[in-house]
There are 2 protein chains.
Amino acid sequence: MTPNLDQTFTALSDATRRAIVARLAQGETTLSDIACPFDMSLTAVSKHVRVLSDAGLVNVVKRGRTRYCQLQAGPMKDAVSWLNHYQEFWEDRFAALSHHLEKDEHE
Amino acid sequence: MTPNLDQTFTALSDATRRAIVARLAQGETTLSDIACPFDMSLTAVSKHVRVLSDAGLVNVVKRGRTRYCQLQAGPMKDAVSWLNHYQEFWEDRFAALSHHLEKDEHE
DNA sequence: TTTTTATTAAACCGAATGGTTGACTAACGA
DNA sequence: TCGTTAGTCAACCATTCGGTTTAATAAAAA
């Protein structure tokens, strides 16, 4: 259950699952409600939610016969954190270049 | 070849590929050199680099018989950008809560 | 020219993925 | 109590994935 980058990135690599995340950002809701807009079976959506839940991105709470899902963005923080190590490589080409040059100097 | 979030997150969902990215952040290098530390065939590593390249995260340039690979972090920017939409959900629980309340008000 | 080196291509394999359907369970409403 | 609703489970299917091995290509080195 300890979420890792593999699971986080895998969970977010599917457009349906990203849409579910986007939906949950608007507020907690039920599985059926999540499933509504999708042209696929409830079972399929349920599996997607399971993937998100296994990745620690969604918390599912059962109340009665209904499952309420809420966004748990914690693991995204780690993902961003990993990505930001490479920030210089997209933000500032000169910075990246100088980084390379520095490295080259002491190699 | 237009990289999308699906490809970006998929590419980054594998630990080997993330290690390749980390390696390339230290500077451009060859496929063989990338493959060295991994306990798998060159073919396997070549495939991983191909996935990264298809995702637009790595640029491969052939010089002679050697392929030089360099990091192209551009697509990561879009990934971070997508993730940052959910920043409030991990950074500040009160902010997230107030966000929900606001939404609830005009629904 | 011959051999080595760097790499891709092709075929294959087992496991995982994203989807389906049908049967089941459990809770709510009439 | 009975039917409906919310959701899971299990089995199945086609495709993708991560790896292998063997063969092919093309450039550099001897």
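Every chain is numbered from 1 and lettered A, B, ... according to where its sequence line falls, protein lines coming before strand lines. Source: prediction; values computed, not measured.
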Participant: Does anything in residues 4-14 of chain B form a salt bridge (Lys or Arg N to Asp or Glu O under 4.0 Å)? List the pairs, not counting sequence neighbours.
Facilitator: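 Output for this query lists A/R18-B/D6.
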Participant: Give me the atom names and distance for the closest heavy-atom approach of B/A11 to B/L52.
Facilitator: CB-CD2, 4.0 Å
Participant: Please check the phosphate of D/dT8 (OP1 and OP2 only) for any side-chain N or O of A/S46 closer than 4.0 Å.
Facilitator: yes
Participant: Between atom CZ in A/F9 and atom C1' in C/dT17, what is the gap in whole Å?
Facilitator: 19 Å
Participant: Is the backbone N or O of A/D54 less than 3.5 Å from a side-chain atom of A/Q7, with the two atoms forming a donor-acceptor pair by type?
Facilitator: yes
Participant: Looking only at heavy atoms, which two atoms of A/C69 and A/L31 are closest? And how far apart?
Facilitator: SG-N, 4.4 Å
Participant: Hey, what do you get for CH2 (A/W90) to CD (A/E88), rounding to the nearest 0.5 Å?
Facilitator: 10.0 Å
Participant: Under the rule for salt bridge (charged side-chain N to carboxylate O under 4.0 Å, His left out), what residues qualify as partners of A/R67, not counting sequence neighbours?
Facilitator: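 Testing A/R67 for salt bridge (charged side-chain N to carboxylate O under 4.0 Å, His left out), a comparison that skips the adjacent residues, returns none.
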Participant: Below 3.5 Å, can you tabulate the donor-acceptor pairs from side chains in residues 36-49 of chain A to any protein atom, sequence neighbours excluded?
Facilitator:
unit_1 : atom_1 : unit_2 : atom_2 : d
A/S41  : OG     : A/A44  : N      : 3.1
A/H48  : ND1    : A/R17  : NH1    : 3.1

Participant: Can you list the residues that meet the salt bridge (charged side-chain N to carboxylate O under 4.0 Å, His left out) rule with A/R23, with sequence neighbours excluded?
Facilitator: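 Checked A/R23 against salt bridge (charged side-chain N to carboxylate O under 4.0 Å, His left out); matches are A/D33.
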Participant: N/O contacts under 3.5 Å, protein versus nucleotides 24-29 of chain C?
Facilitator:
unit_1 : atom_1 : unit_2 : atom_2 : d
C/dA27 : N3     : A/R65  : NH1    : 3.4

Participant: At under 4.0 Å between heavy atoms, how does the protein contact nucleotides 9-20 of chain D? Give one character per nucleotide, 5' to 3', with B, S or -.
Facilitator: BBB------SBB
Participant: How many whole angstroms separate atom CZ of B/R67 from atom P of D/dA26?
Facilitator: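 Rounded to whole Å, this separation is 10 Å.
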